[in-house]
Amino acid sequence: MQPEVSDDDTVHSQNEDLEQLYLQLFKKLDQYQDMIEAGQQQLKSGYFDLAKAKYCGTLIDRFHYDMNMKPTLLFKDNQLQSVDGKDPTTMFGVLVPQSLKRSAKSFRQGLELYLNTIAIQSDLDKLVNEITEAESSLALEELVLDDTSDLQDSVNS
């Protein structure tokens, strides 16, 4: 014979499940915020190094861009993929300043961080939907319990 599960135990279990979902949500939000901040730092560093490279006298303007340059990163199916290609800094010459190479690396890392936030956003959306469903289920369960106890009170009176 199995022990009976009371309605209060069911509600308590649902409350615990809801708490776990909220904990997961807060952890994902923290991870999302950390990734955004890291991406911002990478982009700031990239712009600073780009300014240093321009200050060194390297001609970095739209007239020196190689219009036949192929991308070295592709974003497909919510995943970042590296593609073999030539170093984009070579379009500005063979011997480019180290600050230009650091700038390109910082921009690439910043882009990777921002693109990885898309996966976290998707996880956040799923968690919010799960929380909404759990809250509505819990509210319905509590409503049924309240109605049942009111009915029992009126019958006992």
Note, [X] side chain near [Y] side chain (heavy atom, < 4.5 Å):
X	Y	value
Q42	K105	no
K126	N129	no
L127	L25	yes
D123	Y32	no

Closest heavy-atom pair and its distance - [X], [Y]:
X	Y	value
M69	D87	CE-O, 4.2 Å
V83	P71	CB-O, 3.9 Å
N116	M35	CB-SD, 3.8 Å
I120	K28	CG2-O, 3.8 Å
D49	S106	OD2-OG, 4.3 Å
F107	Y47	CZ-N, 3.6 Å

Task: Candidate pair L29 and L124, rule side chain to side chain contact (heavy atoms under 4.5 Å, CB included), full reasoning - done: CA-CA 7 Å; L29 282 171; L124 285 171; 3.9 Å; yes
Got a second to check how far [X]'s [atom1] is from [Y]'s [atom2], nearest 0.5 Å?
X	Y	atom1	atom2	answer
L50	L43	CG	CG	11.5 Å
S103	K52	OG	NZ	10.5 Å
D17	E130	CG	CD	10.5 Å
Q109	S45	CD	OG	8.5 Å

Open item on the list: With a 4.5 Å cut-off on side-chain heavy-atom distances among I, L, V, M, F, W and Y, is there a chain of contacts connecting L113 to I36?
Closed with: yes
- [ ] Is it possible for you to say whether L18 and V128 belong to one hydrophobic cluster, with membership spreading through side-chain heavy-atom contacts below 4.5 Å?
- [x] yes
Task: Any residue meeting side-chain hydrogen bond (donor to acceptor under 3.5 Å, both in side chains) with T90, in chain and number order, not counting sequence neighbours - done: none
Open item on the list: Just to verify, what does E112 make a side-chain hydrogen bond (donor to acceptor under 3.5 Å, both in side chains) with, not counting sequence neighbours?
Closed with: R108
Open item on the list: Taking T132's backbone N and O only, do any of them form a donor-acceptor pair with S136's side chain (distance below 3.5 Å, no angle check)?
Closed with: yes
- [ ] Any chance you could lay out the side chain to side chain contact (heavy atoms under 4.5 Å, CB included) test for I131 and L21, step after step, and finish with the verdict?
- [x] CA-CA 6 Å; I131 288 171; L21 287 172; 3.6 Å; yes
